[in-house]
J.: 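Dropping a structure here in structure tokens format, bear with me for questions.
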Amino acid sequence: MNTTQRRRPELAGFLRGRRARVTPADVGMPPGLRRRTPGLRREEVAQLSGVGVTWYTWLEQGRPINASPQVLDAVARTLRLDQTEREHLYHLAEVPYESEPELPAQTVSAEIQGIIDALDPRPAAVYNSRYDILAANPPYRDLFFVPQTLDIGVPNVLWTLFTVPEPGCPVVFQDSELPLMVATLRSAYGRHVGEPAWEDYIRGLSAASPRFAELWTGGDVLPPGPRVKTFRHEAVGELRMTSVSLSIDGMPECRIVAYTPDDEKAGKGLAVLRERRERSWPPSLAAATASLGPMSPMSPTTWGT
């Protein structure tokens, strides 16, 4: 049995199950008499959806008929499908599904913040697909929030890396690292082409950094993935660490990015930074940034300023 033949019975069962849970009262219809089955009748779904009874019956029977997005949307509204169910309907009907654009997440839950805090002394942060920093733990702040970063006042990884002068930038080997990050950004941009927030972001960063503008026009695309990166810190020198990205349920296009030591030197360096912070002398940058309050992505109006 091929994929199409397998999906048709699934589609039929799914539609019958969704139809059974919608009562006439749910759609403003009188209950009527002698209703043998729970929920709506097929002809009622067809009428409310503006489609022919025969066509809907065949769809629910799993027959090989074509369905347009407009018709599936009408059926989804009648059956009161939520977004997840609507996407499932599209997949079973073998119709390309285009989700509604979602606003980037602005905050993280206390549970997510607790998870990244528990990774100490390993640096960890929550990024959205635009590399906005939604949350960070103290080791991340120790390592990446250098004074030049604080002067910018923009909680965005790419904005920092492309606008901080190289001697103060925490990332070593920028010639190899920055193209990979821009390619990862472009892979996410494909889902948001034309959205004002994204277009403002790309336009503003291109104006602020000729290097970013050059890489952006290259058109390379790359998904997020584990990579070994080298960072520098004035107190411990260079640290080689592996970055790992973890998706977060309920936060589309967001991920936890955690850094683990790639060698003994990096592990010792992170331990030194932790001890330095716990002693609070000299004051750590984590304490300095605490006064900034909760982290949130920058407003589109700040890009390019």
Side-chain angles (χ1 to χ4, degrees), residues 104-146 149-150 154-161 164 169-174 176-185 187-188 222-278 284-287 289-290 292 294-297:
Q106 299 294 315
T107 59
V108 302
S109 66
E111 292 78 12
I112 297 298
Q113 183 67 56
I115 289 172
I116 63 174
D117 286 343
L119 294 175
D120 191 352
R122 290 172 173 80
V126 177
Y127 299 162
N128 63 18
S129 55
R130 249 186 351 238
Y131 281 97
D132 294 329
I133 305 171
L134 307 187
N137 66 4
Y140 184 97
R141 293 171 181 259
D142 283 340
L143 187 59
F144 297 113
F145 283 18
V146 296
T149 306
L150 300 179
V154 176
N156 179 274
V157 177
L158 288 180
W159 198 278
T160 296
L161 297 182
V164 166
C169 182
V171 174
V172 185
F173 308 129
Q174 293 185 35
S176 59
E177 292 296 337
L178 295 185
L180 296 177
M181 297 181 73
V182 173
T184 301
L185 177 72
S187 70
L222 194 69
R227 299 189 183 99
V228 176
K229 301 182 180 182
T230 303
F231 304 96
R232 65 167 65 92
H233 190 281
E234 60 181 1
V236 294
E238 293 188 358
L239 305 174
R240 279 175 52 87
M241 292 189 288
T242 299
S243 67
V244 178
S245 295
L246 308 171
S247 61
I248 306 173
D249 286 345
M251 295 183 67
E253 298 192 38
C254 292
R255 63 192 190 276
I256 293 174
V257 178
Y259 296 89
T260 60
D262 191 58
D263 53 30
E264 185 177 358
K265 179 178 181 294
K268 290 181 178 179
L270 291 179
V272 169
L273 291 179
R274 183 177 188 177
E275 293 172 2
R276 186 170 181 254
R277 174 172 14 98
E278 290 175 345
S284 71
L285 287 170
T289 58
L292 297 178
M295 303 186 65
S296 61

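Residues: numbered from 1 along the sequence shown.
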J.: Taking the cut-offs as 6.0 angstrom to the six-membered ring centre and 45 degrees off its axis, would you call Arg255 and Tyr131 a cation-pi pair?
T.: yes
J.: Closer than 3.5 angstrom, by distance alone: can the side chain of Ser187 be matched with the main-chain N or O of Leu222 as a donor-acceptor pair?
T.: yes
J.: Is it the case that the side chain of Lys265 and the backbone of Glu238 share a donor-acceptor pair, with hydrogens and angles ignored and the cut-off at 3.5 Å?
T.: yes
J.: Distance-only, no hydrogens or angles: does the Asp117 side chain make a donor-acceptor pair with backbone N or O of Asn137 under 3.5 Å?
T.: no
J.: Let me confirm one number: the OG-CE distance from Ser109 to Met251, rounded to the nearest 0.5 Å.
T.: 7.5 Å
J.: Report the relative orientation of the aromatic rings in Tyr259 and Phe231; use parallel for angles under 30°, tilted for 30 to 60°, perpendicular for over 60°.
T.: perpendicular
J.: Would you indicate whether the side-chain heavy atoms of Leu239 and Thr230 approach each other to under 4.5 Å?
T.: no
J.: Take Val228 and Met241, measure what side chain to side chain contact (heavy atoms under 4.5 Å, CB included) needs, and give me the verdict at the end.
T.: CA-CA 6 Å; Val228 176; Met241 292 189 288; over 6 Å; no
J.: If you look at every heavy atom in Pro139 and Asp120, which pair is closest and at what distance?
T.: CG-OD1, 3.2 Å
J.: Which distance, rounded to the nearest 0.5 Å, do you find between the CE of Met181 and the CG of Leu161?
T.: 5.0 Å
J.: Charged N to carboxylate O under 4.0 angstrom, Lys268 versus Asp263?
T.: no
J.: May I ask you to decide if Asp142's main-chain N or O and His233's side chain share a donor-acceptor pair within less than 3.5 Å?
T.: yes
J.: Apply salt bridge (charged side-chain N to carboxylate O under 4.0 Å, His left out) to the pair Asp262 and Arg227, showing each step before the final yes or no.
T.: CA-CA 10 Å; Asp262 191 58; Arg227 299 189 183 99; over 6 Å; no
J.: Using distance alone, with no hydrogens and no angle criterion, decide if Asn156 and Asp132 have a side-chain donor and acceptor under 3.5 Å apart.
T.: yes
